[in-house]
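We count residues from 1, following the sequence as given.
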Amino acid sequence: CVEGEPLSSTSRDSLQLKLDTDFMPVEMLKDKLASLSMSTSYSGIGAPETTLHMLKHVMDAKTGSEMPSPNILFQVEYDEACRNELALYDQICGADTTGSCIFGDMCDFFVDELQPVIKQLLEKPDIALEVLSRVVSSGEAVKTSANCYKHQKTCNLILVLII
């Protein structure tokens with residue numbers, strides 16, 4: 001966000017700014033970024049996370065004060081090389097993301113009883129909706145924990161309700 005640059009209408013509306021010439025104060029943008037949390041799935045080497053870290057550093061330099069590191073709740077990444085890259089965030093960015101988990105596959109969140117079915121459905125994905133619709137609609141298809149590669153144990157998802 002460059003000073004002197006108008007905001008998009010959606011941003012303006014959410015901030016209740018009325019004119020195309022109204023600008024978001026840098027401190028307000030910093031507060032909004034500081035309260036942001038995110039989770040990603042299959043982002044590869046974490047472009048969304050990197051973007052948040054870059055915004056943090058720009059805002060720190062612009063305001064002369066340090067804001068908290070981005071709050072990454074969890075990441076899901078199937079590819080082992082990409083998981084290894086994601087695990088480097090603490091060292092590279094100086095961020096404290098020790099609490100955030102790195103999970104391997106969304107399929108790990110299906111309940112144990114469904115795991116054999118899920119493996120078969122990966123071979124025939126065109127019938128997945130038909131096979132899983134009843135158990136998914138019952139709310140009993142998934143669990144909120146899986147193996148975490150970062151902590152080397154079963155961890156729970158951190159879920160945030162947005163109202």
Side-chain angles (χ1 to χ4, degrees), residues 1 7-15 29-60 66-163:
C1 180
L7 296 169
S8 69
S9 60
T10 345
S11 299
R12 237 188 358 265
D13 293 347
S14 68
L15 294 168
L29 177 59
K30 187 174 179 175
D31 289 344
K32 290 202 172 287
L33 285 173
S35 66
L36 184 68
S37 64
M38 78 177 316
S39 300
T40 59
S41 297
Y42 309 115
S43 70
I45 57 170
E49 297 91 326
T50 301
T51 301
L52 276 184
H53 282 288
M54 296 297 291
L55 282 170
K56 175 225 180 311
H57 289 294
V58 168
M59 294 307 293
D60 289 351
E66 193 166 322
M67 64 185 273
S69 290
N71 186 13
I72 311 299
L73 300 176
F74 63 87
Q75 299 156 304
V76 180
E77 181 52 58
Y78 184 80
D79 184 88
E80 181 181 3
C82 292
R83 282 195 307 266
N84 292 335
E85 288 288 322
L86 294 174
L88 295 174
Y89 269 108
D90 294 343
Q91 298 163 13
I92 294 170
C93 300
D96 179 16
T97 59
T98 53
S100 68
C101 294
I102 300 176
F103 298 105
D105 191 341
M106 290 289 218
C107 291
D108 295 342
F109 290 100
F110 281 104
V111 294
D112 295 340
E113 298 79 28
L114 282 178
Q115 289 300 328
V117 174
I118 299 303
K119 284 185 171 81
Q120 291 174 359
L121 290 175
L122 290 172
E123 310 258 331
K124 297 180 182 179
D126 52 317
I127 63 169
L129 182 61
E130 179 184 334
V131 172
L132 292 176
S133 61
R134 185 172 289 135
V135 69
V136 168
S137 64
S138 75
E140 297 177 6
V142 295
K143 56 187 178 178
T144 58
S145 62
N147 179 57
C148 171
Y149 287 86
K150 188 173 191 176
H151 301 117
Q152 298 297 309
K153 63 177 186 154
T154 299
C155 289
N156 290 315
L157 286 173
I158 297 172
L159 304 173
V160 176
L161 178 62
I162 299 173
I163 297 176

Take L132 and I118 through the side chain to side chain contact (heavy atoms under 4.5 Å, CB included) test and state the conclusion after the steps. CA-CA 9 Å; L132 292 176; I118 299 303; 4.0 Å; yes

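When atom types are taken as modelled, the side chain of Q75 and the backbone of T40 share no donor-acceptor pair closer than 3.5 angstrom. Under a 3.5 Å cut-off, the side chain of D60 and the backbone N or O of M67 do form a donor-acceptor pair. Between the side chain of Y149 and the backbone N or O of E80 there is no donor-acceptor pair closer than 3.5 Å.
Atoms NZ and SG, on K153 and C148 in that order, are 8.0 Å from each other to the nearest 0.5 Å. Interatomic distance, CD1 of I102 versus NE2 of H151, reported as 8.5 Å (0.5 Å rounding). Interatomic distance, E140 CD to R134 CZ, rounded to the nearest 0.5 Å: 12.5 Å. Put simply, CG on L122 and SG on C107 are 5.0 Å apart, with the number rounded to the nearest 0.5 Å. Summarising the geometry, atom CZ belonging to R83 is positioned 9.0 Å from atom OH belonging to Y78; distances are rounded to the nearest 0.5 Å. Rounding to the nearest 0.5 angstrom, the gap separating the CG atom in N147 from the SG atom in C101 is 10.0 Å.
At least one side-chain heavy atom of K150 sits under 4.5 Å from a side-chain heavy atom of S100. Put simply, the side chain of I127 reaches to within 4.5 Å of the side chain of L121, judged on heavy atoms. At a threshold of 4.5 Å between non-hydrogen side-chain atoms, the residues F103 and S41 do not count as touching. In this structure the side chain of P70 reaches within 4.5 angstrom of the side chain of K56, judged on heavy atoms. Counting only heavy atoms from C-beta outward, the side chains of L73 and M38 never approach each other to under 4.5 Å.
Here the rule is side chain to side chain contact (heavy atoms under 4.5 Å, CB included) with F110, and of V135, D105, V142, V117 only V142 fits it.
K143 and D108 get closest at one heavy-atom pair: CE-O, 3.2 Å. Minimum interatomic distance between E77 and G44 (heavy atoms only, all atoms of both residues): OE1-N, 2.9 Å. What you find for S145 and N156 is that their closest heavy atoms are CB-OD1, 3.1 Å. Between P116 and D112, the closest heavy-atom pair is CD-O, 3.8 Å.
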